[in-house]
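All remarks here apply to the structure that follows.
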There are 2 protein chains.
Amino acid sequence: MKTSLPAGHLDAWRKYYTSFWRVFAAIEADLSAAGLPSLSWYDVLYELYLSPDHHLRMCELARSALLSRSGLTRLVDKLEKEKLIERKSCPSDGRVYHAQLTAKGVETLRKIWPVYRAGIAKYFASQLTEAEARDIERSLAKIAASLESVAETAGAAECEKD
Amino acid sequence: MKTSLPAGHLDAWRKYYTSFWRVFAAIEADLSAAGLPSLSWYDVLYELYLSPDHHLRMCELARSALLSRSGLTRLVDKLEKEKLIERKSCPSDGRVYHAQLTAKGVETLRKIWPVYRAGIAKYFASQLTEAEARDIERSLAKIAASLESVAETAGAAECEKD
DNA sequence: CGCTTTTAGTTGCGGATGCAACAAAAATCT
DNA sequence: AGATTTTTGTTGCATCCGCAACTAAAAGCG
């Protein structure tokens with residue numbers, strides 16, 4: 001595993017880190033100002049929306065939505081209280097619950113998206129050419145993919161080797 | 001202000017969003033596993049380190065370190081308790097406090113950096129060529145710069161126009 | 001078949017952080 | 001100068017979230 005860090009890569013990291021927090025905060029502020037739920041709610045609803053039959057096991061949903069299992073449990077509690085999803089027990093595995101997107105959940109997704117999209121456009125996309133967007137997508141896809149399986153045990157294995 | 005969002009730009013956003021959270025979580029996990037403070041501590045200490053005489057007003061530090069004023073107040077409380085910084089009142093403005101990096105603060109910065117650098121290298125830089133890193137730096141610099149002044153009033157002005 | 005290990009989801013707890021309200025000081029205006 | 005507004009930092013409060021411990025169920029193993 002490569003651990004050297006050329007100056008150009010460090011510069012890229014700094015911009016990546018700073019730009020992300022600023023864009024993220026700006027989008028969250030827009031959502032909040034519009035009286036809409038935060039991006040973590042959107043992420044969960046959207047992952048369910050993408051899934052076949054709009055449902056997913058809790059642990060898979062946690063991974064897709066970039067949350068810990070406990071974090072997801074609480075978030076699903078709130079989403080269920082708002083009738084945006086339902087918990088359904090799994091017939092073939094008594095440990096498993098599926099989160100099932102409701103019609104109201106889809107509706108909420110459709111309310112959030114215009115504001116979210118406008119935020120992405122204003123704070124992120126408006127600064128990028130088509131070519132830049134394509135290059136970023138390609139480069140960052142490699143990074144996202146390389147960390148796909150890293151769930152709750154992040155870094156442990158590699159750390160022990162040092 | 002442009003609010004349309006081409007598909008390529010949306011794809012770029014998705015990878016940006018997902019990759020960032022995964023890399024961030026992985027680095028935080030490594031720091032935690034090494035018994036080191038989190039990135040928010042590093043950010044504050046590092047911004048002070050970069051500043052002339054290693055000190056900065058609270059509100060400037062909050063902006064540089066990507067925190068709210070209240071968030072910074074609490075973080076500075078903890079850093080001061082650990083003797084990593086000192087609060088110094090400003091002679092020319094009675095409202096202002098300066099956070100002053102201490103020798104122990106510099107030392108802590110030097111303890112965090114190797115682990116942080118290794119994380120950046122492992123989870124971020126190792127996936128990018130020199131050219132990709134350069135392009136990302138250039139593209140994201142524009143985004144970061146366009147949001148430089150957006151502090152606690154993020155999005156408000158633009159939102160009212162819609 | 002029992003016993004152990006693993007997996008899925010939940011809960012107690014504590015830490016981190018933002019918003020709104022506040023106090024103090026400075027700046028601005030008349 | 002006195003009154004108003006703005007700026008700076010802090011605090012009360014609420015929310016979000018992860019880790020560790022726990023329960024229940026399934027899988028693996030003798």
Side-chain angles (χ1 to χ4, degrees), chain A residues 21-22 24-33 35 37-44 55-82 85 87-99 150-156, chain B residues 21-22 24-33 35-44 55-63 65-82 85 87-99 150-156:
Chain A
W21 284 120
R22 293 207 169 126
F24 181 74
I27 291 176
E28 288 278 28
D30 283 359
L31 288 171
S32 174
S38 69
L39 282 185
S40 61
W41 285 42
Y42 183 87
D43 290 341
V44 166
H55 70 90
L56 224 43
R57 298 157 56 127
M58 298 288 284
C59 66
E60 289 175 3
L61 186 53
R63 193 171 41 77
S64 313
L66 308 166
L67 281 171
S68 67
R69 282 177 313 172
S70 60
L72 182 73
T73 293
R74 262 76 175 236
L75 185 42
V76 163
D77 287 347
K78 291 168 212 149
L79 292 169
E80 195 173 30
K81 199 166 295 179
E82 298 291 328
I85 67 170
R87 265 193 186 84
K88 296 190 155 185
S89 58
C90 176
S92 63
D93 189 333
R95 295 168 299 183
V96 171
Y97 280 84
H98 288 259
V150 182
E152 287 189 57
T153 55
Chain B
W21 284 121
R22 294 209 169 123
F24 181 73
I27 290 175
E28 288 278 27
D30 283 359
L31 288 172
S32 174
L36 292 168
S38 70
L39 283 185
S40 60
W41 284 43
Y42 183 86
D43 290 341
V44 166
H55 70 91
L56 225 41
R57 298 158 57 128
M58 297 289 283
C59 66
E60 289 175 2
L61 186 52
R63 192 172 43 74
L66 308 166
L67 281 170
S68 68
R69 280 177 312 169
S70 59
L72 182 73
T73 293
R74 263 77 175 238
L75 185 42
V76 163
D77 287 346
K78 291 168 211 148
L79 292 169
E80 195 173 28
K81 198 166 295 179
E82 297 293 327
I85 67 170
R87 264 192 185 84
K88 296 191 154 183
S89 57
C90 176
S92 63
D93 188 334
R95 295 168 299 183
V96 171
Y97 280 83
H98 288 258
V150 182
E152 284 187 60
T153 55

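Reminder, nothing fancy here: chain letters follow the sequence lines and each chain counts from 1.
- When the C1' atom of C:dT17 is taken as reference, atom CZ of B:Phe24 falls 12 Å away, rounded to whole Å.
- B:Leu31 has its CG atom 16 Å from the C1' atom of D:dC19, to the nearest Å.
- Rounded to the nearest 0.5 angstrom, B:Ile85 CD1 and B:Leu75 CG are separated by 7.5 Å.
- One N or O donor and one acceptor, one from the side chain of A:Arg74 and one from the base of C:dG12, sit under 3.5 Å apart.
- For the pair A:Pro91 and B:Glu60, nearest-nucleotide mapping onto DNA chain D gives the more 5' position to B:Glu60.
- Counting non-hydrogen atoms of neighbouring residues, nucleotides and ligands closer than 6.0 angstrom, the OH atom of A:Tyr42 exceeds 12 such neighbours.
- One can place OH of B:Tyr97 at 17 Å from P of C:dA23, the figure rounded to the nearest angstrom.
- Within the structure, a side-chain polar atom (N or O) of B:Lys78 is placed less than 4.0 Å from OP1 or OP2 of C:dA16.
- Under 4.0 angstrom from either OP1 or OP2 of D:dT10 there lies at least one side-chain N or O belonging to B:Arg87.
- Heavy atoms of A:Ser40 sit under 4.0 angstrom from primed sugar atoms or phosphate atoms, though from no base atom.
- Nearest nucleotide to the side chain of B:Cys59, out of C:dC19, D:dT10, D:dT8: D:dT8.
- Listed for the A:Glu28 side chain is no donor-acceptor partner under 3.5 Å among the backbone atoms of A:Ser38.
- The shortest distance between side-chain heavy atoms of A:Leu39 and A:Phe24 falls below 4.5 Å.
- Ranked by how close their nearest DNA chain D nucleotide is to the 5' end, A:Ser92 and A:Gly71 are led by A:Gly71.
- Heavy atoms of A:Arg57 sit under 4.0 angstrom from primed sugar atoms or phosphate atoms, though from no base atom.
- Between the CG atom of A:Leu75 and the C1' atom of C:dT11 there is a distance of 16 Å, given to the nearest Å.
- Atom CG of A:Asp77 and atom C1' of C:dG12 are 14 Å apart (whole Å).
- Of the candidate nucleotides D:dA25, D:dT11, C:dT17, D:dT11 has the atom lying nearest to any side-chain atom of B:Ser70.
- When each of D:dT7, D:dG12, C:dT10 is scored by its nearest atom to the side-chain atoms of A:Thr73, the top-ranked nucleotide is C:dT10.
- Residues B:Arg63 and B:Cys59 fail the side-chain proximity criterion, which asks for heavy atoms closer than 4.5 Å.
- To the nearest angstrom, P of C:dA23 lies 19 Å from CG of B:Asp93.
- Set against D:dC13, C:dA8, D:dG9, the side chain of A:Arg69 has C:dA8 as its closest nucleotide.
- The side chain of B:Val96 has D:dG9 as its nearest neighbour among D:dT6, C:dG9, D:dG9.
- A:Ala62 and A:Leu72 make their closest contact through N-CD2, 3.6 Å (heavy atoms, listed as atom of the first residue, atom of the second, distance).
- D:dC16 atom P lies 20 Å from atom CD of B:Glu28, rounded to whole Å.
- Regarding contacts with the backbone of C:dC22, every side-chain N or O of B:Arg95 stays at 4.0 angstrom or more from both OP1 and OP2.
- Rounding to whole angstrom units, CZ of residue A:Arg63 and P of D:dG18 are separated by 15 Å.
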